[in-house]
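Structure first, commentary second.
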Amino acid sequence: MHITGHMIIGQSTVLGTAGVVHAINPAQNAVMTPDFGLATVAEVERACALAEAAFDTYRETTLEQRALFLEAIATNILDIGSALIERATQETGLPVARLEGERGRTVGQLRLFAKVVRDGRWMTATLDSALPERAPPRPDLRLRKIALGPVAVFGASNFPLAFSVAGGDTASALAAGCPVIVKAHSAHLGTSELVGKAIQKAVADCGMPEGVFSMLIGDGRQIGQSLVSHPAIKAVGFTGSRQGGLALVRTAAQRHEPIPVYAEMSSINPVFLLPQALAANAATLAQGFVDSLTLGAGQFCTNPGLVIALDGPHLQQFMDAASTALKAKAASTMLTPGIHKAYNAGVDSLSKIAGVTLLAQGLTSDGGCAAQAALAVCDGATFLTTPALQDENFGPSSLIIRCSDEAQMQRLAGFVEGQLTITVHAVAADRALAAKLLPTLERKAGRILFNGFPTGVEVAHAMVHGGPFPSTSDSRSTSVGASAIDRFTRPVCYQAMPADLLPAALKDENPFHLARIVDGELVMPK
């Protein structure tokens, strides 16, 4: 499949005329071909008009039709073959094995949502029978969830496949019955075009309305804000910086019709090392922590950017082992020159904060955008009085907090901002302290891990990849896992609706064979 630098608007490919942008090879810090044309507001308008026109038809496709469409996208992505991995490697500096795994995850989540669609439980079909003899009488009431409307999705820099054009936001929105307009991320333009064409082909092959999918290339401020401002757009999916996410939240809130923005933003993912676990496993924990910290040049939203433990000889043992392991870690290529520059500035700023000591740094490299890992330490009092220490530094850097006692550890647990993840390392002798911490941790994070490390987000029915602000803009949702579909639906109640007008999910004969709540009882399909 040839990369041309075109956008995708419905079944058309369009070369933008508002300027030119290029992909960058971060390993070489070199410009890549071809030129990619930037969108004008006219392209935004065209994509939104097509999406709006497609919505009512697409949202009432059968569950099987929609599931087959998602599966066709997955197949088309696989059919691109090695060309997709080669281009993604060149554009991101990520290794082939990582990208092959990410392609598998992308295809897997599309197929997961095909299963979710077929299952139909996401519609929460509910029937309350009429009670005409009751005083006052109750009418026949039936409920299902329907799609919100066209969704704007912003591709993420750090996952060129799994959180990008055909990533979790797109898959869950399409599953719900929402047309999708993607703003491609400038960090992987060629990769985005290849995947966008795979979706475009699936739209045509499956007979879906043309406006079900479009992909725009353009300036984040102008095109992104124009997209979120457009009255056809009814929800937004975003993964990126706090600054970028909050800008979209403000735009969405200021519209004539405010809309939800599901923004995954900043998280430093604290790791609590409880005393007895630390005493028993300091060296092992140190190696696991450093491996997690430096995985993928630290460019994960679940990167362990904070370690909290009681001060003492066992913590010193952990710090010594972690410093030794970190110093042996090779520098890794970061995704873009801008991310690399921001990371270095963050490490420099951290090292200059009063009360913070830089413990160790990894190996250096002459590579264009290679990140040198960094580990720092401060005491609990410094952390509690220095707000900047909660800022995410996207990359392989972390801060260890030396707590004076358990009371200060509990205070720190309540002090940290909202997180995607919080990790606890504990053995049986730590259970009492863990039980004291747990209610606070539940208020602070969307996922709580025991005796592991947070990098790695399983795509599964029970997964929550979300959390309290500022990790996300809406703590009630997840961007990974089957529940991600809930972000793009809303309930509708049908009262005394004539049988021939009822949607299929609510007809007495249950043609979709759904599990439904009928008069307060779960009724399984026959």
Side-chain angles (χ1 to χ4, degrees), residues 3 5 21-36 77 80-106 154-167 184-196 217 220 239-241 244 290-305 326 328-347 361-374 392-398 455-457:
I3 299 171
V21 67
H22 302 88
I24 301 291
N25 182 323
Q28 302 172 359
N29 201 9
V31 170
M32 298 178 65
T33 57
D35 296 347
F36 288 82
I77 290 171
I80 301 171
S82 60
L84 178 62
I85 303 301
E86 290 169 4
R87 179 71 186 201
T89 299
Q90 293 167 1
E91 289 186 325
T92 65
L94 296 172
V96 168
R98 150 72 193 273
L99 288 166
E100 288 176 340
E102 191 180 327
R103 178 177 59 186
R105 172 177 169 167
T106 305
F154 289 74
S157 64
N158 58 336
F159 282 87
L161 301 173
F163 278 84
S164 190
V165 175
H185 199 285
S186 59
H188 36 77
L189 293 166
T191 304
S192 295
E193 182 182 327
L194 292 173
V195 175
I217 298 169
T239 298
S241 69
V290 170
D291 289 344
S292 179
L293 174 67
T294 57
L295 183 67
Q299 297 169 120
F300 292 99
C301 41
T302 55
N303 202 47
L326 193 81
K329 288 291 184 180
S332 299
T333 300
M334 301 197 82
L335 292 159
T336 69
I339 290 173
H340 180 244
K341 181 179 179 181
Y343 169 74
N344 286 337
V347 172
Q361 289 187 274
L363 299 173
T364 60
S365 171
D366 294 331
C369 296
Q372 183 183 17
E392 179 186 30
N393 187 27
F394 189 63
S397 72
S398 189
T455 41
V457 181

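For Glu392, there are no salt bridge (Lys or Arg N to Asp or Glu O under 4.0 Å) partners at least two apart in sequence or on another chain. Under the side-chain contact (heavy atoms from CB on, under 4.5 Å) criterion, Ala156 pairs with Asn158, Phe163, Thr239, sequence neighbours left out. In terms of the salt bridge (Lys or Arg N to Asp or Glu O under 4.0 Å) criterion, Asp35 has no residue partners (sequence neighbours excluded).
For His188 against Thr92, the heavy-atom pair with the smallest separation is CB-CG2, 4.4 Å. Residues Gln361 and Val347 approach most closely at NE2-CG1, 4.1 Å, considering heavy atoms.
To the nearest 0.5 angstrom, Leu99 atom CG is 5.5 Å from Ile85 atom CD1. Note that CZ of Phe36 and CD1 of Ile217 are 6.0 Å apart. Values are rounded to the nearest 0.5 Å. From Glu100, atom CD reaches atom CG of Leu84 across 10.5 Å, with rounding to the nearest 0.5 Å.
Between Pro160 and Glu91 there is no side-chain heavy-atom pair separated by less than 4.5 Å. With a 4.5 Å cut-off on side-chain heavy atoms, Ile77 and Leu194 do not count as touching. Ile3 is listed as a side-chain neighbour of Pro34, based on a closest heavy-atom distance under 4.5 Å. Contact annotation: the side chain of Ser192 never approaches that of His185 to less than 4.5 Å [non-hydrogen atoms, C-beta and beyond]. Within the 4.5 Å cutoff, the side chain of Arg105 has no heavy atoms near those of the Leu161 side chain.
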Taking distance alone, no hydrogens or angles, what donor-acceptor pairs closer than 3.5 Å link side-chain atoms of residues 336-346 to residues at least two apart or in another chain?
from	atom 1	to	atom 2	distance (Å)
Thr336	OG1	Gly338	N	3.4
Thr336	OG1	Ile339	N	3.0
His340	NE2	Asn344	ND2	3.4
His340	NE2	Ala370	O	2.8
Tyr343	OH	Gln372	O	2.8
Tyr343	OH	Pro396	O	3.3

Extract all donor-acceptor atom pairs below 3.5 Å that involve side chains of residues 292-305 and protein atoms in other chains or at least two apart in sequence.
from	atom 1	to	atom 2	distance (Å)
Ser292	OG	Thr455	OG1	2.7
Thr294	OG1	Val290	O	2.8
Gln299	OE1	Leu335	N	2.8
Gln299	NE2	Gly296	O	3.2
Thr302	OG1	Pro454	O	3.2
Asn303	ND2	Gly395	O	3.1

Please output the side-chain donor-acceptor pairs of residues 23-31 that fall under 3.5 Å, not counting sequence neighbours, one pair per line with the distance.
from	atom 1	to	atom 2	distance (Å)
Asn25	OD1	Ala27	N	3.1
Asn25	OD1	Gln28	N	3.3

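Note that Arg103 lies outside the cation-pi zone of Phe159, set by a 6.0 Å cut-off to the ring centre and a 45° limit from the axis.
Under a 3.5 Å cut-off, the side chain of Glu193 and the backbone N or O of Gly5 do form a donor-acceptor pair. Formation of a donor-acceptor pair under 3.5 Å by the Ser164 side chain with backbone atoms of Gly167 is not found in this model.
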One pair to check against side chain to side chain contact (heavy atoms under 4.5 Å, CB included): Val195 and Thr106. What are the steps and the verdict? CA-CA 11 Å; Val195 175; Thr106 305; over 6 Å; no
